[in-house]
Every structure is written in structure tokens, then in C-alpha cells.
Number of protein chains: 2
Amino acid sequence: MIQNYIENANFEDTGFAYTLSLISGKHKMVILYCLMEFETVRFNELKRYLKTISDKTLSTNLKKLEADKLIIRTEYPQIPPKVEYTLSERGKTLMTVLDQLCAWGEENRLTE
Amino acid sequence: MIQNYIENANFEDTGFAYTLSLISGKHKMVILYCLMEFETVRFNELKRYLKTISDKTLSTNLKKLEADKLIIRTEYPQIPPKVEYTLSERGKTLMTVLDQLCAWGEENRLTE
DNA sequence: CCGTATCCGCAACGATACTG
DNA sequence: CAGTATCGTTGCGGATACGG
């Protein structure tokens with residue numbers, strides 16, 4: 001599986017590098033977890049959960065996640081505006097895999 | 001599992017964030033994969049596999065991986081120096097989890 | 001051979017102000 | 001409410017030179 005890629009030394013094209021590129025960055029995982037937990041979340045609501053994120057950074061991250069089809073953005077044309085974000089089916093399948101990474105981390109944290 | 005952390009909104013302390021911190025960066029995964037494939041690898045050998053990495057960056061990454069107990073550094077006191085790197089048992093268990101991320105990425109790559 | 005030291009560029013992130 | 005615009009900061013990674 002992984003070994004195939006060593007030969008050509010083309011790691012950018014591995015499924016692994018691809019998966020990581022989807023969730024790289026400081027906040028993407030937290031956003032996904034919030035959507036998994038609360039299912040439907042609005043922009044400012046997310047901002048409160050993340051506590052320290054700026055408008056700009058949150059906006060950028062949401063756009064990337066949407067472009068990667070991990071989340072779904074639903075806009076209600078009204079005043080004041082209302083936008084809801086949810087996990088896509090694709091996003092949900094990714095979360096099941098990430099949960100295993102989480103489990104490994106909890107079981108293998110170094111005792112310092 | 002994951003949901004517990006949402007309450008306190010302390011994502012830095014999730015097993016997931018911890019696991020990701022171990023493999024964050026541009027090269028760590030590639031290094032681990034090389035060690036998985038070739039088992040015992042020397043410094044300059046690694047450098048050739050990674051192709052574009054600089055001495056400094058490779059050195060920094062190896063130190064982090066070693067500090068996190070994912071790899072083992074063995075130094076042979078001779079002239080010229082010889083240093084070998086291998087996966088630790090802990091590193092090997094991590095690789096099995098990462099292989100699943102790899103599989104997800106291959107099955108869920110977007111057709112563009 | 002196996003690094004360290006130094007300098008530097010760039011992209012991500014943050015703070016603040018502002019808009020439909 | 002849900003962003004955009006602008007500016008400033010910061011940290012990772014790269015290039016090069018040098019050392020034990």
C-alpha cells in the first residue's frame with residue numbers, strides 16, 4: 001500500500017499526503033470536530049467554539065474545507081444573513097478514520 | 001471519544017492533536033515511510049530519498065522524531081562517522097494507523 | 001560523513017476596521 | 001450576521017558555509 005510510493009519517491013501523490021493536505025493547518029480539525037458534535041453550526045457559533053480564531057482565518061479554512069467537499073455550506077438569503085455549515089457524507093467517513101488517530105494518541109501519549 | 005473534548009474546548013489536549021503534532025511538517029511522514037521500507041537508514045541515504053530536503057531541515061526533523069520516541073538513532077563512534085536510524089516499536093504501531101489514513105486518501109481522492 | 005550556524009523568503013495566522 | 005480588506009507578525013523550511 002504505502003510501499004508502492006517509495007520506489008518513485010513521489011510522496012506528494014500518496015493517499016496519505018493527500019489526506020493530510022485536507023486537514024493541515026491549525027484549525028481545520030477543530031472545525032470538523034465541532035461539526036461532528038453539533039452537526040449544524042453557524043459562522044459566529046464556530047468562532048466562539050474556536051475561541052481565538054480570527055474572522056479571516058476561519059473564513060479561509062471554511063472555504064478550503066468546502067472546496068474539498070468535506071463540509072456543506074448552506075446560505076439563507078435573509079437579513080440578517082444566516083449561513084449554516086455541516087459535515088458532508090465524505091467528511092463523515094474521514095472522521096471515522098481520524099477517530100482512530102485520536103485513539104492512538106490517547107493510548108500512546110508519552111508519560112513525561 | 002472525541003466528543004469529550006468539545007465541552008472544555010481544549011483541543012490541544014486531544015489525542016488527535018497530539019498524534020498530528022508528532023507527524024506535522026513537510027517531511028516527517030516521508031522519513032517514517034522510508035524507515036518502514038528500508039528499516040535501517042543512514043543520514044545521507046535519507047537525504048537522497050527525500051531529494052530536496054536540506055541538511056538543517058532533515059536534522060531538525062530527525063531530532064523531533066527521536067525526541068518523540070518514534071525513531072531510534074544509533075551512533076557508531078568511528079571516523080568517518082556513521083549514524084543509523086530505525087523505527088521504534090512505538091513508531092511501528094503509529095505506522096499501522098497512518099496506513100489507514102493513506103487508504104482513505106486513495107479511495108476518496110476527488111476526481112477532478 | 002554527519003551534522004551545526006547563519007541568514008533569508010514565504011505562507012499561514014492574527015488584529016483591526018469596515019460592509020451588505 | 002457573515003463575512004472582506006488591510007496590515008503586521010511569526011515560524012517553518014531552504015540555501016549556503018563551515019566544523020568535528
Side-chain angles (χ1 to χ4, degrees), chain A residues 9-12 17-18 20-35 38-68 70-86, chain B residues 9 11-12 17-35 38-68 70-86:
Chain A
N10 201 355
F11 293 96
E12 308 307 316
Y18 172 71
L20 269 197
S21 75
L22 299 185
I23 57 174
S24 66
K26 190 173 173 182
H27 303 290
K28 289 216 197 83
M29 283 307 313
V30 191
I31 295 172
L32 291 175
Y33 279 151
C34 283
L35 294 184
F38 303 108
E39 300 195 354
T40 300
V41 187
R42 300 179 63 172
F43 188 89
N44 276 342
E45 211 176 336
L46 264 175
K47 214 182 138 181
R48 280 190 293 274
Y49 289 136
L50 304 194
K51 301 202 167 176
T52 61
I53 198 170
S54 69
D55 286 343
K56 174 190 154 192
T57 305
L58 179 54
S59 178
T60 306
N61 277 283
L62 287 172
K63 280 181 179 169
K64 281 184 194 155
L65 289 171
E66 191 195 0
D68 289 331
L70 293 176
I71 68 175
I72 297 171
R73 179 183 185 276
T74 310
E75 184 172 354
Y76 298 88
Q78 61 185 44
I79 305 292
K82 175 178 174 182
V83 178
E84 290 181 343
Y85 294 92
T86 62
Chain B
F11 294 96
E12 309 307 316
Y18 171 71
T19 306
L20 271 197
S21 76
L22 299 184
I23 58 174
S24 66
K26 191 172 170 181
H27 304 289
K28 290 214 195 85
M29 283 307 315
V30 190
I31 295 171
L32 291 176
Y33 279 151
C34 283
L35 293 185
F38 304 110
E39 298 194 358
T40 300
V41 187
R42 299 179 63 171
F43 187 89
N44 275 343
E45 211 176 333
L46 264 176
K47 216 182 137 181
R48 280 190 292 275
Y49 290 137
L50 304 194
K51 303 201 166 176
T52 61
I53 198 170
S54 69
D55 285 346
K56 173 194 154 192
T57 304
L58 178 55
S59 177
T60 307
N61 277 284
L62 286 171
K63 279 183 179 168
K64 283 184 194 157
L65 289 170
E66 191 194 3
D68 291 330
L70 294 176
I71 68 175
I72 296 172
R73 178 182 187 277
T74 310
E75 185 171 353
Y76 298 88
Q78 59 185 46
I79 304 291
K82 174 179 174 182
V83 177
E84 289 180 343
Y85 295 92
T86 62

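The chains referred to below are lettered A, B, ... by the order of the sequence lines, with proteins before strands, and numbering in each begins at 1.
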(message) For a 4.0 angstrom threshold against heavy atoms of chain B, report the outermost contacting nucleotides of DNA chain D in 5' to 3' order.
(response) D:dG13 to D:dG20
(message) On DNA chain C, compare the nucleotides closest to B:Lys63 and B:Arg48; which residue's is nearer the 5' end?
(response)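 The answer here is B:Arg48.
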(message) Taking the nucleotide of DNA chain C with the nearest heavy atom to each, does A:Ser24 or B:Arg73 sit closer to the 5' end?
(response)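 The residue mapped nearer the 5' terminus is B:Arg73.
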When we call it a touch if two heavy atoms are under 4.0 Å apart, what does [X] touch: a base, just sugar-phosphate, or nothing?
X       : value
B:Lys56 : base
B:Lys47 : nothing
A:Tyr76 : nothing

Say you draw a straight line from [atom1] of [X] to [atom2] of [Y]; how long is it, rounded to the nearest 0.5 Å?
X       : Y       : atom1 : atom2 : value
A:Arg73 : A:Phe43 : CZ    : CZ    : 9.5 Å
A:Thr57 : A:Leu50 : OG1   : CG    : 10.5 Å
B:Lys47 : B:Ser59 : NZ    : OG    : 11.0 Å
B:Asp68 : B:Tyr18 : CG    : OH    : 6.0 Å
A:Thr60 : A:Ile53 : OG1   : CD1   : 8.5 Å

(message) Quick check on side-chain contact (heavy atoms from CB on, under 4.5 Å): which of B:Leu70, B:Leu35, B:Leu22 does B:Leu65 satisfy it with?
(response) B:Leu70
(message) Between A:Ile31 and A:Leu58, is the side-chain contact (heavy atoms from CB on, under 4.5 Å) condition met? List the steps.
(response) CA-CA 9 Å; A:Ile31 295 172; A:Leu58 179 54; 3.8 Å; yes
(message) Please identify the 5'-most and 3'-most nucleotides of DNA chain C with any atom under 4.0 angstrom from a heavy atom of chain A.
(response)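 On DNA chain C, the outermost contacted nucleotides are C:dC13 to C:dG20.
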(request) Write out all pairs satisfying salt bridge (charged side-chain N to carboxylate O under 4.0 Å, His left out) with one or both partners inside residues 56-67 of chain A, taking only residues at least two apart or from two chains. (result) none
